[in-house]
Amino acid sequence: MSFPLLTATAALPAIGAVATAAVPAARRTTAKWLALLFSLATLVLAGIALARFEPGGDRYQLTESHAWIKDFGVRYELGVDGIGVALMALTALLIPFVILAGWHDADPLETKSSRWRPTQGFFALILMVEAMVILSFEATDVFLFYVLFEAMLIPMYFLIGGFGDRAHTGSDENAAAQRSYAAVKFLLYNLVGGLIMLAAVIGLYVVAGTFSLSEIAEARANGSLSMATSTERWLFLGFFFAFAVKAPLWPLHTWLPNAMGEATSPVAVLITAVVDKVGTFAMLRFCLQLFPEASKWATPVIVVLALISIVYGALLAVGQRDIKRLIAYASISHFGFIILGIFAMTSQGQSGATLYMVNHGISTAALMLVAGFLITRRGSRLIADYGGVQKVAPILAGTFLIGGLATLSLPGLAPFVSEFLVLVGTFSAYPAAGIVATTGIVLAALYVLVLYQRTMTGPVKAEVQGMADLKVRELVVVLPLIALLLFLGVYPKPLTEIVNPAVQHTMSDVQKKDPQPEVEAAK
């Protein structure tokens with residue numbers, strides 16, 4: 001039996017979570033280093049999986065399959081395609097930076113609000129989220145995926161509600177109330193989506209007799225599985241609703257600004273750069289693959305919702321006074337681009353959407369973590385409380401600018417390639433939708449540049465006068481992310497070679513071909 005690499009990649013952070021939580025309360029520094037070491041070891045295993053993946057090989061590779069609940073046909077089945085292995089690697093890459101950035105976020109406070117802030121618990125929960133997200137990218141059994149999809153809500157709930165942002169403008173009691181509200185809203189929205197998905201999962205089993213993606217695909221190919229049109233559409237809607245909440249797609253997005261605003265900056269990165277990617281990934285793996293006819297049927301409505309997300313998220317980002325909520329609304333706009341690329345049903349659009357998932361994770365992590373360093377120094381999330389930072393902390397201001405420029409998809413930085421492909425794929429299938437989507441680019445430039453101008457330029461405010469520049473630990477967090485943004489912006493080929501074959505499989509699932517350009521005959 002070959003080494004179960006995928007299981008090991010997910011099990012290692014889970015073991016690390018248990019080990020970190022078991023560290024004695026007085027050994028906080030030990031717990032931090034232990035969590036970091038386990039995250040780095042997970043990154044090594046994810047790198048090995050990425051290296052062993054063959055883009056031109058089988059659709060699902062490094063597969064594992066074991067009986068789990070025999071009476072219900074549930075199996076422990078794992079496998080990764082190009083999209084899954086890329087997102088697995090992204091998750092493993094970001095977690096060490098999340099841990100380093102949150103190094104002091106769970107240290108005890110000398111205030112009433114410090115009654116529950118165990119350092120060990122904070123880092124253990126981060127590792128547990130990593131384990132569940134990685135396993136969700138690997139799962140090829142629908143029931144196994146559903147269990148992970150729901151289970152990851154539990155550690156995220158405690159990370160949001162138990163370890164809130166310390167830079168709160170109100171009293172300790174008000175801050176605790178806001179955290180609780182954000183955590184409960186996050187949990188309720190996602191639980192409702194998950195319960196609807198559970199009904200669809202059961203319905204799928206009744207129709208197909210199995211939860212295995214490979215068995216369902218084989219049954220479709222040999223004609224032994226056929227769904228009534230109405231049944232397929234209802235099942236599709238059950239799955240899509242849950243994924244749209246997680247994504248988040250307008251109008252199911254309202255939990256995200258609350259959650260990101262009240263969470264610590266590293267946890268905010270965990271939400272939007274890691275956990276939310278499970279929703280858009282699942283649209284590709286499950287919605288399009290399991291319900292191809294229903295996916296095409298729902299495409300016009302989903303494209304409209306994606307366009308609303310793009311414009312609405314960008315407009316609200318322009319009007320924000322809170323730095324973290326601005327980044328949250330910007331992410332809603334970006335997820336609109338991702339979903340638009342998926343349901344444009346073109347190879348360029350879906351390749352761009354997959355690249356966008358990876359590049360958005362890196363760019364948002366860079367911007368949010370630098371914003372977190374800035375907020376920690378000043379003790380405020382309000383844009384109006386800053387001014388002239390670039391004169392007293394030029395490295396902090398410079399890295400903040402690069403993260404912002406990546407967010408607006410500046411050419412030469414990684415998100416530009418993604419956004420360009422999404423727009424090309426959308427224009428070729430839905431020209432009107434492509435035109436509307438381009439307004440998101442203009443608005444992105446507005447909210448990013450205005451944010452930078454108001455916080456970093458102009459006269460130095462008295463409260464900013466003594467602000468320290470980035471320290472060594474913070475540079476170790478930010479500089480690799482910026483380097484990766486530059487590398488993938490100039491040379492995205494290593495990533496496109498991995499995801500393009502998986503995109504072609506998805507296009508084959510929905511029986512779609514790229515529209516041919518209309519060229520007038522030469523006179």
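Computation of the quantities below employed the complete heavy-atom set of this structure, encompassing side-chain atoms and omitting hydrogens, waters and symmetry-equivalent molecules.
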Student: Any non-hydrogen side-chain atom of Thr506 less than 4.5 Å from a side-chain atom of Ser508?
Tutor: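 Sidechains of Ser508 and Thr506: no contact.
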
Student: Do Val275 and Leu153 pass the side-chain contact (heavy atoms from CB on, under 4.5 Å) test, and can you show the C-alpha distance, the side-chain angles, and the key distance before you say yes or no?
Tutor: CA-CA 9 Å; Val275 173; Leu153 300 179; 6.0 Å; no

Student: Are Phe335 and His360, when compared by the centres of their aromatic rings, separated by less than 6.0 Å?
Tutor: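 Here the rings of His360 and Phe335 have centres that are less than 6.0 Å from each other.
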
Student: Is it the case that Ser212 and Ser214 place a side-chain donor and acceptor less than 3.5 Å from each other?
Tutor: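 The answer is yes; a qualifying pair exists.
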
Student: Below 30° counts as parallel, above 60° as perpendicular, anything between as tilted: where do the rings of Phe286 and Phe281 land?
Tutor: perpendicular

Student: Between Phe240 and Phe343, what is the ring plane arrangement, given parallel below 30°, perpendicular above 60°, and tilted in between?
Tutor: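 Correct class here is perpendicular.
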
Student: Hydrogens and angles aside, do Glu64 and Tyr76 bring a side-chain donor and acceptor to less than 3.5 Å of each other?
Tutor: no

Student: Do we get Lys246 above Phe149's six-membered ring, with its NZ or CZ under 6.0 Å from the centre and within 45° of the axis?
Tutor: yes

Student: Scan Phe123, Trp103, Phe38 and name whichever one has a ring-ring contact (aromatic ring centres under 6.0 Å, His included) with Trp33.
Tutor: Trp103

Student: I want to know whether Phe291 and Phe239 have ring centres closer than 6.0 Å.
Tutor: yes

Student: Does any donor atom in the side chain of Ser331 or Thr272 lie under 3.5 Å from an acceptor atom in the other side chain?
Tutor: yes

Student: Looking only at the side chains, is there a donor atom on one of Asn500 and Ser351 sitting less than 3.5 Å from an acceptor on the other?
Tutor: yes

